[in-house]
Engineer: 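Would you mind keeping the following structure in view while I ask a few things?
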Amino acid sequence: MTSIDWAKVRADFPILAQQVNGKPLLYLDNAASSQKPRAVISALVNYYERDNANVHRGLHELSSRATDAYEGARVKVAKYLGAASAEEIVFTRGTTEAINLVAQTWGARFVREGDVILLTEMEHHSNLVPWQMLAERTGARLRFVPVAEDGTLALERLGDLLTAEVKMFAFTHISNSLGTINPVAELCRAARAVGAVTLVDAAQSIGHLPVDVREMGCDFLAFSGHKMCAPTGSGALYGRAELLDAMPPWHGGGEMIVTVSYERSTYKKAPARFEAGTPNIAGAVGLGAAVDYIEGIGRATIFEHDLALTRHALARLGELPGVRVQGPRDRRGGLVGFTMDAAHPHDLTTFADQHGLALRGGHHCNMPLMKKLRLPGTTRASFYFYNTKVEVDRMADILAEAVRFFA
Amino acid sequence: MTSIDWAKVRADFPILAQQVNGKPLLYLDNAASSQKPRAVISALVNYYERDNANVHRGLHELSSRATDAYEGARVKVAKYLGAASAEEIVFTRGTTEAINLVAQTWGARFVREGDVILLTEMEHHSNLVPWQMLAERTGARLRFVPVAEDGTLALERLGDLLTAEVKMFAFTHISNSLGTINPVAELCRAARAVGAVTLVDAAQSIGHLPVDVREMGCDFLAFSGHKMCAPTGSGALYGRAELLDAMPPWHGGGEMIVTVSYERSTYKKAPARFEAGTPNIAGAVGLGAAVDYIEGIGRATIFEHDLALTRHALARLGELPGVRVQGPRDRRGGLVGFTMDAAHPHDLTTFADQHGLALRGGHHCNMPLMKKLRLPGTTRASFYFYNTKVEVDRMADILAEAVRFFA
Amino acid sequence: MSTELDELYQSVILDHSKRPRNFGEIADGAVHVHGDNPSCGDEIDLSVKFGADGLVEDVKFKGMGCAISQASASLMTMKLKGKSEADAREMLRAFHDIVTVEVAEPPRMLGDLRLLAGVKKFPQRVKCAMLAWRAFEQALERKGDGPTVSTEPH
Amino acid sequence: MSTELDELYQSVILDHSKRPRNFGEIADGAVHVHGDNPSCGDEIDLSVKFGADGLVEDVKFKGMGCAISQASASLMTMKLKGKSEADAREMLRAFHDIVTVEVAEPPRMLGDLRLLAGVKKFPQRVKCAMLAWRAFEQALERKGDGPTVSTEPH
Ligand SMILES: Cc1ncc(COP(=O)(O)O)c(C=O)c1O
Ligand SMILES: Cc1ncc(COP(=O)(O)O)c(C=O)c1O
């Protein structure tokens with residue numbers, strides 16, 4: 001087993017040592033956004049107190065340092081994802097921007113009327129709405145891999161759905177409401193067999209378990225830094241070099257051009273081609289620091305830890321009357337969505353908050369899935385490596401109290 | 001006169017108290033990016049150490065605090081710009097993203113083949129390339145207000161150029177290579193008279209002099225936070241409410257929708273409509289802190305200060321043999337672009353850097369303008385309120401040494 | 001235990017949320033309004049029938065959502081019946097006041113609606129309490145249009 | 001004064017940058033290559049004429065840019081004349097070495113090009129020193145194609 005001192009790890013997160021509504025903060029809203037360790041906060045402070053300048057354009061010391069820090073972060077992210085080279089990493093504000101970038105540029109070049117974009121019924125709005133917009137612009141059609149009763153994808157339907165008309169198969173690695181871990185390598189293989197390009201939404205997996213784009217065999221992968229200990233406004237798109245270089249540019253502006261005349265411009269190759277204007281330099285530096293921090297613990301270790309908490313949570317929630325957990329029993333990530341007969345998710349979340357417990361209630365940007373499951377939303381507890389078994393017990397006690405309170 | 005203790009202000013910027021290449025740092029690359037005061041860095045640290053959570057979606061304490069901080073920053077920015085309401089402020093990564101947003105969404109709805117986009121010959125690539133792309137997509141044409149010999153806009157040509165075919169007139173407030181301050185209110189008035197929409201690129205003016213969208217009478221205004229003491233990755237688009245609400249959505253995803261089914265979605269009004277996904281929350285909070293910091297000094301005061309340095313720099317540069325300052329004599333912002341016969345901008349910038357002096361050399365994302373002026377680029381010194389007259393003298397001494405060195 | 005929670009979820013409120021009164025739809029001659037809070041998924045379908053005298057003759061609602069939104073809707077329907085437009089508007093104003101600011105003496109006409117004053121300690125829940133009222137406000141706007149069967153798009 | 005600067009801008013280098021040798025264009029029978037550093041605007045038009053024996057018969061350049069890029073181009077043209085492809089490639093490799101890493105004894109064949117070793121202290125300027133060489137490398141690639149008049153797109 002691992003020899004991580006989890007208490008010491010937890011102490012790296014200043015925000016956790018506070019009282020909320022008179023109770024110790026019990027932060028279980030990690031699937032929405034994770035907290036930041038001191039190492040990441042310090043990386044930002046150091047950047048601004050020592051190295052800050054604009055990147056790429058300068059021949060002075062600070063500008064060189066800023067550029068090295070920014071490009072160094074790109075190398076870290078590339079390694080973290082198992083990408084073939086740093087040129088395959090485009091920095092974005094997060095998952096949503098990365099998916100929109102693909103839908104707009106790859107989509108403009110490669111999607112035509114009658115083509116099919118295959119999604120799943122469990123996609124976050126961020127991996128659904130951009131494709132709806134692309135379908136509307138191009139006349140392409142959307143298809144969905146159904147979610148089965150047990151919260152997993154109905155893979156037996158894949159043969160029918162993944163036809164030669166499918167140009168893109170975009171799916172989430174881990175469902176943010178059900179917790180389902182999808183068999184991404186298998187899905188990518190199936191897509192490749194019909195010549196479809198794949199995009200993996202790794203928003204929920206990126207900081208939680210080993211993610212390797214070449215093992216997965218995906219063409220694109222999108223993630224957000226803020227869910228993996230990094231600053232808000234950081235994140236990236238991974239794209240296979242061949243695909244990125246075949247895509248038209250996205251935003252026009254400084255840094256993405258080779259030559260500009262008043263009439264026309266020529267564009268750099270990826271990743272610069274897709275990073276017009278001054279980027280979120282400190283955000284990237286913070287993301288690099290988050291990669292280092294997470295790798296210091298180890299993603300396999302984190303997964304093991306989160307899974308242990310999840311199992312314990314499932315056991316404790318199972319004891320509560322009228323509480324029903326959504327999603328599969330096995331192959332699930334570190335989050336638990338559930339309903340409680342006695343209380344609507346919003347009432348339950350308000351109740352929890354008064355006890356210092358941060359949960360999330362609602363549709364979790366999965367409106368159509370909630371409708372399909374005939375749920376008015378769920379309440380979600382999501383774990384990260386700084387959470388403890390004692391916290392899970394405290395959560396269960398608070399929920400038990402809620403059952404009594406709202407009965 | 002003002003009673004600002006400039007030495008005390010300067011002490012607010014930790015980065016300035018360092019040696020570079022064995023000499024005290026003399027940072028005169030502010031037009032590329034400004035430095036950050038402790039107040040802004042602390043706002044980031046406080047946000048991450050106390051309040052961090054995802055915005056809008058949560059019913060728990062941290063989420064409320066994060067949402068209040070984020071939306072509070074929007075109110076501050078709205079006031080700072082003199083906008084009619086906070087709903088007119090869309091947070092973006094910076095100027096470039098803001099302009100692309102307008103070119104893509106407003107452009108898609110309102111620009112048709114044969115329409116004209118009017119720009120000026122002094123636009124930064126970020127206010128040129130997005131319009132070239134729009135022109136290519138739609139068949140619209142670009143026209144340019146020429147830059148006259150003295151570095152100002154040839155306003156006598158406006159009558160010919162600003163015809164009824166012009167749908168958009170987009171121009172910079174201050175030229176980032178010439179320093180020219182354009183008569184924005186006059187340009188907006190002229191555009192309104194022919195029914196053209198206006199976009200002001202305020203990248204260089206936003207933290208340097210009073211900017212009021214209603215006094216200007218513009219329809220859109222774009223700026224970057226990183227040039228006004230705020231974090232990288234922050235910035236905003238101001239848009240008149242009526243225009244924003246007439247624009248189609250941009251990126252699809254969480255937070256910008258009202259309802260989502262598998263087939264279609266309906267969208268929120270501005271600004272949420274244009275802010276898909278988790279935004280750069282800390283960036284916005286830092287931008288709000290930068291607004292407070294700058295307003296604490298006063299923009300009129302800052303302008304006065306920067307102008308005094310610029311005048312002094314112009315006088316000192318005038319003494320140097322073979323040094324030619326670009327741009328107008330009067331009505332100019334706090335930056336000076338020049339050429340030196342003895343040295344190419346890159347050699348000069350390297351020379352300066354060895355003396356601790358951060359200058360920028362090159363085309364400054366103004367390639368077509370440099371070509372027109374038959375310059376291989378210029379060297380630029382750009383000032384901010386933490387710079388001093390003593391620093392300008394030191395710069396002049398270093399440049400004098402360069403003249404001798406490269407002679 | 002948190003007294004704020006006890007004030008927010010008083011037994012009358014929990015009771016109304018579990019067994020809402022006037023739950024259903026008015027078949028004929030009513031103005032129908034659909035309202036929702038997209039960020040939380042609460043929905044309401046309100047039907048309001050105005051009498052020849054302009055008074056609120058009947059109000060019913062269907063909906064799903066949190067206890068606060070359901071209780072507020074249920075209590076509202078009970079209080080609005082028989083009211084004139086002026087009185088109803090006054091009630092709307094008064095109710096909005098008690099869920100957003102400290103009101104020393106909440107008007108008696110609000111009756112049990114006053115029990116929802118606990119909401120003001122929970123700013124994010126104000127929109128839950130107001131959902132039914134916003135729908136009713138729209139019904140008033142469309143009173144002149146006569147009976148409708150369409151629902152309001154967001 | 002900074003010794004790094006003195007090493008970077010030795011008098012020979014400044015001299016070549018101000019009065020570049022072999023400045024111009026080869027009219028007939030040459031391979032023409034255009035190269036640039038888009039981020040700084042340095043440009044070069046290189047023409048290389050290969051003899052029947054495969055040796056570099058003549059090299060000329062036109063361009064604008066910083067002292068480093070101009071001096072490097074000027075010195076390069078002087079050294080390449082009469083060289084075989086193998087020798088020229090060896091020289092390219094050796095030159096790249098001295099401007100990027102510490103080389104104890106720079107090969108004598110580089111001649112005055114060794115004066116550009118000061119560049120290695122200035123990593124951002126390496127691309128300036130290499131611009132002419134990258135263009136020459138392209139000319140070698142296209143040697144087999146015979147004389148061209150087109151310029152290379154970026
Ligand atoms: C006039 C002008 N416009 C636009 C920009 C682009 O700003 P950003 O790179 O922050 O998007 C700049 C700064 O580089 C500028 O000076
Ligand atoms: C599965 C999934 N996809 C996409 C997103 C969107 O991420 P972001 O809001 O950081 O762009 C999220 C998080 O909200 C998510 O959980």
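In the text below, chain A, chain B and the rest are named by the order of the sequence lines, each starting its count at 1.
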Engineer: Let me know if B:Ile99 has heavy atoms under 4.5 Å from chain A in its side chain, its backbone, both or neither.
Structural biologist: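 Nothing of B:Ile99, per the 4.5 Å heavy-atom cut-off to chain A.
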Engineer: Can you tell me which portion of B:Asp51 sits under 4.5 Å from chain A's heavy atoms? Options are side chain, backbone, both or neither.
Structural biologist: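 The answer is the backbone of B:Asp51.
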Engineer: What's the separation between atom CG in A:Leu59 and atom NE2 in B:His346, rounded to the nearest 0.5 Å?
Structural biologist: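 With rounding to 0.5 Å, CG (A:Leu59) is 5.0 Å from NE2 (B:His346).
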Engineer: Under a 4.5 Å heavy-atom cut-off, does chain A meet the side chain of B:Gln35, its backbone, both or neither?
Structural biologist: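 Its backbone and side chain both get close to chain A.
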Engineer: Which region of B:Ile281, side chain (C-beta onward) or backbone (N, CA, C, O), has a non-hydrogen atom less than 4.5 Å from a non-hydrogen atom of chain A, or is it both or neither?
Structural biologist: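 B:Ile281 touches chain A through backbone and side-chain heavy atoms alike.
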Engineer: For B:Arg143, is it the side chain, the backbone, both or neither that has a heavy atom under 4.5 Å from a heavy atom of chain A?
Structural biologist: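 It is neither, since no heavy atom gets under 4.5 Å.
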Engineer: Less than 4.5 Å to any heavy atom of chain A: does that hold for the side chain of B:Gln132, its backbone, both, or neither?
Structural biologist: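 Looking at B:Gln132, just its side chain touches chain A.
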Engineer: Can you tell me which residue pairs pass the salt bridge (Lys or Arg N to Asp or Glu O under 4.0 Å) test with a partner in residues 118-132 of chain A, sequence neighbours excluded?
Structural biologist: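 Of all non-adjacent pairs touching residues 118-132 of chain A, those that pass salt bridge (Lys or Arg N to Asp or Glu O under 4.0 Å) are A:Glu121-A:Lys372.
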Engineer: Of the options A:Leu44, A:Val40, A:Ile15, which is the one that meets B:Tyr48 in a side chain to side chain contact (heavy atoms under 4.5 Å, CB included)?
Structural biologist: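 With B:Tyr48 as partner, A:Leu44, A:Val40, A:Ile15 yield a single side chain to side chain contact (heavy atoms under 4.5 Å, CB included), made by A:Leu44.
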Engineer: A:Ser34 versus chain B, heavy atoms under 4.5 Å apart: side chain, backbone, both or neither?
Structural biologist: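 Contact with chain B is through the backbone of A:Ser34 alone.
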Engineer: With a 4.5 angstrom heavy-atom cut-off, which part of B:Phe13 approaches chain A: side chain, backbone, both or neither?
Structural biologist: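 For B:Phe13, neither part sits under 4.5 Å from chain A.
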Engineer: Non-hydrogen atoms of chain A under 4.5 Å away: do they reach the side chain of B:Trp250, the backbone, both or neither?
Structural biologist: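 Both backbone and side chain.
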Engineer: Using non-hydrogen atoms only, which part of A:Tyr262 is less than 4.5 Å away from chain B: side chain, backbone, both, or neither?
Structural biologist: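 A:Tyr262 touches chain B through backbone and side-chain heavy atoms alike.
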Engineer: Could you list all the salt bridge (Lys or Arg N to Asp or Glu O under 4.0 Å) pairs where at least one residue sits in residues 29-49 of chain B, not counting sequence neighbours?
Structural biologist: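 Passing the test, one end in residues 29-49 of chain B: B:Asp29-B:Arg360, B:Asp29-B:Arg380.
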Engineer: Can you tell me which portion of A:Arg137 sits under 4.5 Å from chain B's heavy atoms? Options are side chain, backbone, both or neither.
Structural biologist: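 Neither part, no heavy atoms under 4.5 Å.
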Engineer: Closer than 4.0 angstrom, basic N to acidic O: yes or no for A:Arg264 and B:Glu136?
Structural biologist: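 Salt bridge absent between A:Arg264 and B:Glu136.
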Engineer: Taking side chain as everything from C-beta outward and backbone as N, CA, C, O, which of these in B:Ser224 sits under 4.5 Å from a heavy atom of chain A? Side chain, backbone, both or neither.
Structural biologist: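 Answer is neither: B:Ser224 stays 4.5 Å or more from chain A.
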Engineer: Side chain, backbone, both or neither: which part of B:Ser63 has a non-hydrogen atom closer than 4.5 Å to chain A?
Structural biologist: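 The side chain, not the backbone.
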Engineer: With side chains defined as the heavy atoms from C-beta onward, is the minimum distance between B:Asn21 and A:His60 less than 4.5 Å?
Structural biologist: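 Contact flag for B:Asn21/A:His60 side chains = no.
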Engineer: Given heavy-atom pairs under 4.5 angstrom as the criterion, report whether the side chain, backbone, both or neither of B:Pro279 touches chain A.
Structural biologist: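 For B:Pro279, the contact with chain A is made by the backbone alone.
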Engineer: Under 4.5 Å from any heavy atom of chain A, what part of B:Asn100 do you find: side chain, backbone, both or neither?
Structural biologist: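 The answer is the side chain of B:Asn100.
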Engineer: Can you tell me which portion of A:Val260 sits under 4.5 Å from chain B's heavy atoms? Options are side chain, backbone, both or neither.
Structural biologist: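 Its backbone and side chain both get close to chain B.
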Engineer: Quick check on the interface: out of B:Asn366, B:Leu101, B:Leu369, who has the most heavy-atom pairs with chain A under 4.5 Å?
Structural biologist: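 Answer, by heavy-atom pair count under 4.5 Å with chain A: B:Leu369.
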Engineer: Which of parallel (below 30°), tilted (30 to 60°) and perpendicular (above 60°) describes B:His251 and A:His251?
Structural biologist: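 If you compare the ring of B:His251 with that of A:His251, the planes turn out parallel.
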